[in-house]
Amino acid sequence: MEWNHIQIPNGDANLFCNCYVTGKSAMNIIVTHTPICTTLDVQSAYAPLTKYGVNIFAFDFSGTGKSGGDEKKFSVHSIVSDLDKLVDYVEEHYSSNIHLFGDTGIGGMFAQCYICSTDRIKSFAQFACVDYKNTAGMGYPYFAVKMMSWLFSRLPNFHLTIKPPKYSGYNCEQDNGFYEMLIKRNPYIFKSSTKVMNAVFECLISPDSPIQNSITIPTLVFKTLHDRYFSKEYFDSYFSSLNCKKKLIEINDVHNSYYLRCDEFCEAAYNWFSENQEITVSKHSLSD
């Protein structure tokens with residue numbers, strides 16, 4: 001088995017997908033990541049999934065990484081559309097036994113956006129989450145996020161250098177070292193599109209955010225205890241809001257432990273998917 005790169009048609013452009021295919025009848029796992037780089041740059045974070053005889057589809061959102069499309073059109077709606085196209089591809093060529101792994105930071109938030117928009121996924125595992133309108137748990141006042149979203153939605157796309165918050169706590173050498181590695185690979189990696197940034201804001205506060213909808217499928221949440229982006233209370237608030245079958249796994253480590261301890265994350269995600277692959281939940285039936 002080896003990794004293969006494919007292009008999935010998506011309107012006038014293609015989605016770049018890094019695939020590892022075990023077999024036509026194998027479980028399918030879609031992986032999302034923070035769109036500041038290509039999925040190839042973070043392959044180490046999800047590569048341990050290859051040990052479990054599954055099909056893996058890790059992709060770049062349209063307008064980012066190696067995918068085609070216009071970065072200026074990046075939004076909550078494009079996130080949902082991209083994932084729908086990928087699910088279409090997997091169902092057509094493999095099966096509907098599809099699970100979503102929202103990995104590597106914002107990838108978990110964007111994956112949650114899709115989960116709240118569809119009933120096509122069997123189960124979900126996420127690192128990073130959106131507790132709707134709870135911006136304080138991420139260190140940002142609500143009014144500031146609302147103001148920035150209003151501004152970014154009206155201005156043409158441009159790029160801002162947004163560096164990670166400073167961190168000097170538990171395992172800071174490893175956490176800071178991860179970012180140093182990224183910067184060596186690409187000195188401009190933290191020069192972020194305002195449209196991508198606004199998609200995060202839209203998830204958090206927009207009245208049109210799909211995240212207002214309840215998650216109805218089995219959901220696994222990773223809670224990192226020493227996270228420079230999320231307070232422990234933020235994870236707890238989000239987890240307590242879930243009314244679906246759910247599980248919380250505490251990781252006594254830093255934000256980038258999804259990469260530094262990738263075997264542990266991937267094993268837990270696979271076990272969750274395996275446990276829930278025969279469960280089919282209809283969002284509509286639960287809401288009726």
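Being a predicted model, the structure only gives us computed values, none of them experimental.
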So, for [X] and [Y], which heavy atoms are closest and what is the spacing to 0.1 Å?
X    : Y    : answer
S62  : L15  : N-CD2, 3.7 Å
G102 : A111 : CA-CB, 3.7 Å
L49  : C266 : CD2-O, 3.6 Å
H159 : K191 : CD2-O, 3.5 Å
V80  : Y114 : O-CE1, 3.6 Å
S95  : A26  : OG-O, 4.2 Å

Would you compute the distance between atom [atom1] of [X] and atom [atom2] of [Y] and round it to the nearest 0.5 angstrom?
X    : Y    : atom1 : atom2 : value
I121 : I215 : CD1   : CD1   : 12.0 Å
L225 : N252 : CG    : CG    : 5.0 Å
L83  : I30  : CG    : CD1   : 6.5 Å
L86  : C17  : CG    : SG    : 5.0 Å
K195 : E71  : NZ    : CD    : 10.5 Å
S192 : K163 : OG    : NZ    : 12.0 Å

Is a side-chain N or O of [X] found less than 3.5 angstrom from the main chain of [Y], in a donor-acceptor match?
X    : Y    : result
S209 : L204 : no
S240 : D236 : yes
T219 : F124 : no
T38  : D41  : no
T32  : G107 : yes
N171 : Q174 : no
S123 : P218 : no
Q212 : P207 : yes
S149 : K146 : no
T50  : A47  : yes

If you define the side chain from C-beta out and look only at heavy atoms, does anything of [X] sit under 4.5 Å from [Y]?
X    : Y    : answer
I79  : F74  : yes
I249 : W272 : no
Q126 : V221 : yes
E275 : K245 : yes
L260 : D253 : no
Y234 : C129 : yes
Y142 : K133 : yes
P164 : Y229 : yes

*State whether the number of non-hydrogen atoms from other residues, nucleotides or ligands found under 6.0 Å of K24 atom NZ is greater than 12.*
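Yes.
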
*Is atom CG of D12 surrounded by more than 12 heavy atoms (other residues, nucleotides or ligands) closer than 6.0 Å?*
no

Hydrogens and angles aside, do [X] and [Y] bring a side-chain donor and acceptor to less than 3.5 Å of each other?
X    : Y    : answer
N213 : S117 : no
N198 : S153 : no
D175 : Y170 : no
H33  : D103 : no
S214 : N243 : no
T39  : Y46  : yes

Using the six-membered ring wherever Trp is involved, compare the ring planes of [X] and [Y] and label them parallel, tilted or perpendicular (cut-offs 30° and 60°).
X    : Y    : result
F152 : F158 : perpendicular
Y52  : Y270 : parallel
F61  : F110 : perpendicular
F127 : F265 : perpendicular

When the aromatic ring centroids of [X] and [Y] are compared, is their separation below 6.0 Å?
X    : Y    : value
Y259 : F178 : yes
F57  : Y94  : yes
Y258 : F222 : no

*Let me see the working for Y238 and Q112 under side chain to side chain contact (heavy atoms under 4.5 Å, CB included), right down to the final yes or no.*
CA-CA 12 Å; Y238 169 66; Q112 183 185 334; 3.3 Å; yes

*Decide side chain to side chain contact (heavy atoms under 4.5 Å, CB included) for I56 and W3; before the verdict, give the C-alpha distance in whole Å, the side-chain angles of both, and the deciding distance to 0.1 Å.*
CA-CA 9 Å; I56 306 164; W3 291 95; 3.9 Å; yes

_SB check R120 D88 (cutoff 4.0 Å)_ =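 Judged by the 4.0 Å cut-off on N to carboxylate O distance, R120 and D88 do form a salt bridge.
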
ILVMFWY network linking [X] to [Y], side-chain heavy atoms under 4.5 angstrom:
X    : Y    : answer
I251 : V42  : yes
V90  : I115 : yes
M147 : V200 : no
I6   : L40  : no
I8   : F16  : no

*asked:* Suppose we screen for ring pair (Phe, Tyr, Trp, His ring centres under 6.0 Å). Which residues come up paired with Y140, at least two apart in sequence or across chains?
replied: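 If we apply the ring pair (Phe, Tyr, Trp, His ring centres under 6.0 Å) test to Y140, skipping adjacent residues, there are no hits.
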
_Pair T224-H255, side chain to side chain donor-acceptor pair (under 3.5 Å): steps then yes or no_ = CA-CA 6 Å; T224 40; H255 178 77; 5.3 Å; no

_Test side chain to side chain contact (heavy atoms under 4.5 Å, CB included) applied to H226 and Y167, step by step_ = CA-CA 10 Å; H226 306 276; Y167 175 68; 3.4 Å; yes

*What do the steps show when you test I217 against C244 for side chain to side chain contact (heavy atoms under 4.5 Å, CB included), and what is the final call?*
CA-CA 6 Å; I217 63 173; C244 55; over 6 Å; no

